[in-house]
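Here is the structure we will look at, set down as structure tokens.
Residues take their numbers from the sequence shown, with the count starting at 1.
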Amino acid sequence: MPQPLPILYQSTDLVAINKPHGLLVHRSPIASDASEFAVQLLRDQLGQRVYPVHRLDRKTSGVLLFALNEAMNAAMQQQFMEGKVHKTYLSIVRGYTPDEQTIDYPLRRDEGRNAGTMQDAVTHLKTLQHTEIPLPHGKHQTSRYSLVELTPTTGRMHQLRKHMAHILHPIIGDRPHGCNKQNKLFLDHFAMNTMLLHAQRIQFQHPVSGEEIKIEAPWQNEFERMMETLFNPAMVRI
């Protein structure tokens, strides 16, 4: 029997889980190796149909929101389309990032009928911590990393991964947009092969009650292990 998915929030019409690294939201033809999916696992766990109102990449952990009926699904989809849902991510990236930066860089659509067309994409970056560790890499005797808070104002596929690669601070563990040399370094030195991107928080106004909802997800095991290895987690202010 699979482990129950960690539920962060539940009401009569919405439920949020802390999605583990490596779990697909739903069945995909590009991931034929997968046998478990968040939609089916949560449906079986709750004993009712669930509707994912957004998605997270397979290797991204954190808050994943589902509607429990079609009306709420439509209402939340509308809020996402109108930019009324605010999502905040944490990520560990290569190098020293600036204190703050807005990445306004259009991205090419990867899928659908309009594949290949360019879409506006904006991400706000805030650096929470820098670290330098005595781990030689290439011509350098040390390795530098940053813990960043990422707030997308658009919801393009792989937006955060592509934007961080664009500013030359790729997310550790990202494939194919990240740095293969850094990914190998983390695999060889830390036995770490997931992607260090975590959906920390989601905020929105409940479509029916009007209540302001804020849901936060604790770090998954690998993210927490890397935080303790590279940074001082007690200094993180979220």
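- Remark: His189 pairs with no residue by the ring pair (Phe, Tyr, Trp, His ring centres under 6.0 Å) rule, at least two apart or across chains.
- A donor-acceptor pair is defined here as one N or O able to donate and one able to accept, closer than 3.5 Å; no such pair exists between the side chain of Thr88 and the backbone of Thr151.
- Val39 and Val50 make their closest contact through O-CG2, 3.6 Å (heavy atoms, listed as atom of the first residue, atom of the second, distance).
- Judged as a side chain to side chain donor-acceptor pair (under 3.5 Å), and not counting sequence neighbours, the contacts of Thr123 are Gln159, His163.
- A donor-acceptor contact shorter than 3.5 Å is absent between the side chain of Arg58 and the backbone of Leu23.
- Here the straight-line distance linking atom CG of Leu187 with atom CE of Met192 works out to 8.5 Å at 0.5 Å rounding.
- Arg144 contributes atom CZ, which lies 11.0 Å from atom NE2 of His169 (distance to the nearest 0.5 angstrom).
- The side chain to side chain donor-acceptor pair (under 3.5 Å) test applied to Thr131 returns no partner, not counting sequence neighbours.
- Residues Met227 and Ile172 share a single hydrophobic cluster, defined by chaining ILVMFWY side chains whose heavy atoms lie under 4.5 Å apart.
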>> Would Leu196 and Phe223 count as a side chain to side chain contact (heavy atoms under 4.5 Å, CB included) here? Give the steps.
In response: CA-CA 6 Å; Leu196 297 178; Phe223 198 97; 4.2 Å; yes

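- Evaluation of the ring pair (Phe, Tyr, Trp, His ring centres under 6.0 Å) test over residues 74-105, restricted to residues two or more places apart or in two chains, returns His54-Phe80, Tyr96-His130, Tyr105-His166.
- When atom types are taken as modelled, the side chain of Arg49 and the backbone of Asn69 share no donor-acceptor pair closer than 3.5 angstrom.
- When hydrophobic clusters are built by joining Ile, Leu, Val, Met, Phe, Trp and Tyr residues whose side-chain heavy atoms come closer than 4.5 Å, directly or via intermediates, Trp219 is grouped together with Phe186.
- The salt bridge (Lys or Arg N to Asp or Glu O under 4.0 Å) test applied to Glu82 returns Lys84, not counting sequence neighbours.
- Within the structure, salt bridge (charged side-chain N to carboxylate O under 4.0 Å, His left out) contacts touching residues 202-212 (residues at least two apart or in different chains) do not occur.
- Scanning both residues, Asn73 and Pro52, for their nearest heavy atoms gives OD1-O, 4.1 Å.
- Interatomic distance, CD of Gln119 versus OG1 of Thr154, reported as 8.5 Å (0.5 Å rounding).
- Between Val85 and Gln203 the shortest side-chain heavy-atom distance does not fall below 4.5 Å.
- One finds the CG atom of Leu160 at 9.0 Å from the CE atom of Met195 (value rounded to the nearest 0.5 Å).
- With contacts defined as side-chain heavy-atom distances shorter than 4.5 Å, the pair Ile7/Gln45 qualifies.
- In summary, Glu100 and Lys126 do not engage in a salt bridge, as defined by a charged side-chain N under 4.0 Å from a carboxylate O.
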> Would Leu90 and Glu149 satisfy side chain to side chain contact (heavy atoms under 4.5 Å, CB included), going step by step from the backbone distance to the final call?
Replying inline: CA-CA 5 Å; Leu90 289 184; Glu149 181 182 270; 4.3 Å; yes

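- Between the side chain of Glu216 and the backbone N or O of Arg201, no donor-acceptor pair lies under 3.5 Å.
- Evaluation of the side chain to side chain donor-acceptor pair (under 3.5 Å) rule for Lys59 yields no partner, not counting sequence neighbours.
- Here CG of Leu5 is found 4.5 Å from CD1 of Ile17. Values are rounded to the nearest 0.5 Å.
- Follow the hydrophobic side-chain contacts under 4.5 Å out from Leu135 and you reach Met226 in the same cluster.
- Of the residues Val15, Leu42, Leu14, the one that meets the side-chain contact (heavy atoms from CB on, under 4.5 Å) test with Leu68 is Val15.
- Looking at Met76 and Tyr51, their side chains never come closer than 4.5 Å, going by heavy atoms from C-beta outward.
- In this structure Asp57 satisfies the salt bridge (Lys or Arg N to Asp or Glu O under 4.0 Å) test together with Arg161, sequence neighbours excluded.
- When the side chains of ILVMFWY residues are joined at heavy-atom separations under 4.5 Å, either directly or via intervening members, Leu46 and Leu65 end up in two distinct hydrophobic clusters.
- Counting only residues at least two apart or on different chains, the salt bridge (charged side-chain N to carboxylate O under 4.0 Å, His left out) pairs with a member in residues 176-190 are Lys184-Asp188.
- The neighbour count for Asp44 CG, taken as heavy atoms of other residues, nucleotides or ligands under 6.0 Å away, is above 12.
- Residues passing the salt bridge (Lys or Arg N to Asp or Glu O under 4.0 Å) test with Arg225 are Glu222, sequence neighbours excluded.
- Scanning both residues, Leu147 and Phe231, for their nearest heavy atoms gives N-CZ, 3.5 Å.
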>> Would Ile167 and Gln101 count as a side chain to side chain contact (heavy atoms under 4.5 Å, CB included) here? Give the steps.
In response: CA-CA 10 Å; Ile167 65 170; Gln101 182 175 357; 3.7 Å; yes

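- Using a distance-only test at 3.5 Å, with no hydrogens or angles considered, no donor-acceptor pair links the side chain of His140 to the main chain of Thr142.
- Counting heavy atoms from C-beta outward, Ile202 and Tyr9 have side chains that stay 4.5 Å or more apart.
- Side chain of Gln182 to backbone of Arg94: no donor-acceptor contact under 3.5 angstrom is found.
- Considering every non-hydrogen atom in both Gly62 and Leu56, the closest pair reads O-CD1, 3.8 Å.
- Residues that satisfy the side chain to side chain donor-acceptor pair (under 3.5 Å) test with Asn18, not counting sequence neighbours, are Gln220.
- Taking each heavy atom of Leu8 and Ala217 in turn, the nearest pair found is CD1-CB, 3.7 Å.
- Closest of all the heavy-atom pairs between Thr60 and Ala199 is CG2-N, 4.3 Å.
- In this structure, Lys87 has no salt bridge (Lys or Arg N to Asp or Glu O under 4.0 Å) partners at least two apart in sequence or on a different chain.
- Side-chain contact between Met72 and Pro207 is present, with at least one heavy-atom pair separated by less than 4.5 Å.
- Distance alone, capped at 3.5 Å, places no donor-acceptor pair between the His198 side chain and the Glu224 backbone.
- Leu150 has its side chain within reach of Met164: a pair of non-hydrogen atoms, C-beta onward, lies under 4.5 Å apart.
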> Run the side chain to side chain contact (heavy atoms under 4.5 Å, CB included) check on Ser143 and Leu185 step by step: do they pass?
Replying inline: CA-CA 10 Å; Ser143 296; Leu185 183 71; 4.1 Å; yes

>> For a side-chain hydrogen bond (donor to acceptor under 3.5 Å, both in side chains) check, start with the C-alpha distance between Asp174 and His158, then their side-chain angles and the critical distance, and finish with the verdict.
In response: CA-CA 10 Å; Asp174 183 10; His158 296 175; over 6 Å; no

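- Rounding to the nearest 0.5 Å gives a distance of 7.5 Å between CG of Leu64 and NZ of Lys19.
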>> What verdict does the side-chain hydrogen bond (donor to acceptor under 3.5 Å, both in side chains) test give for Thr97 and Thr127, after you've listed the backbone C-alpha separation in whole Å, the side-chain angles of each residue and the deciding distance to 0.1 Å?
In response: CA-CA 7 Å; Thr97 50; Thr127 298; 2.6 Å; yes

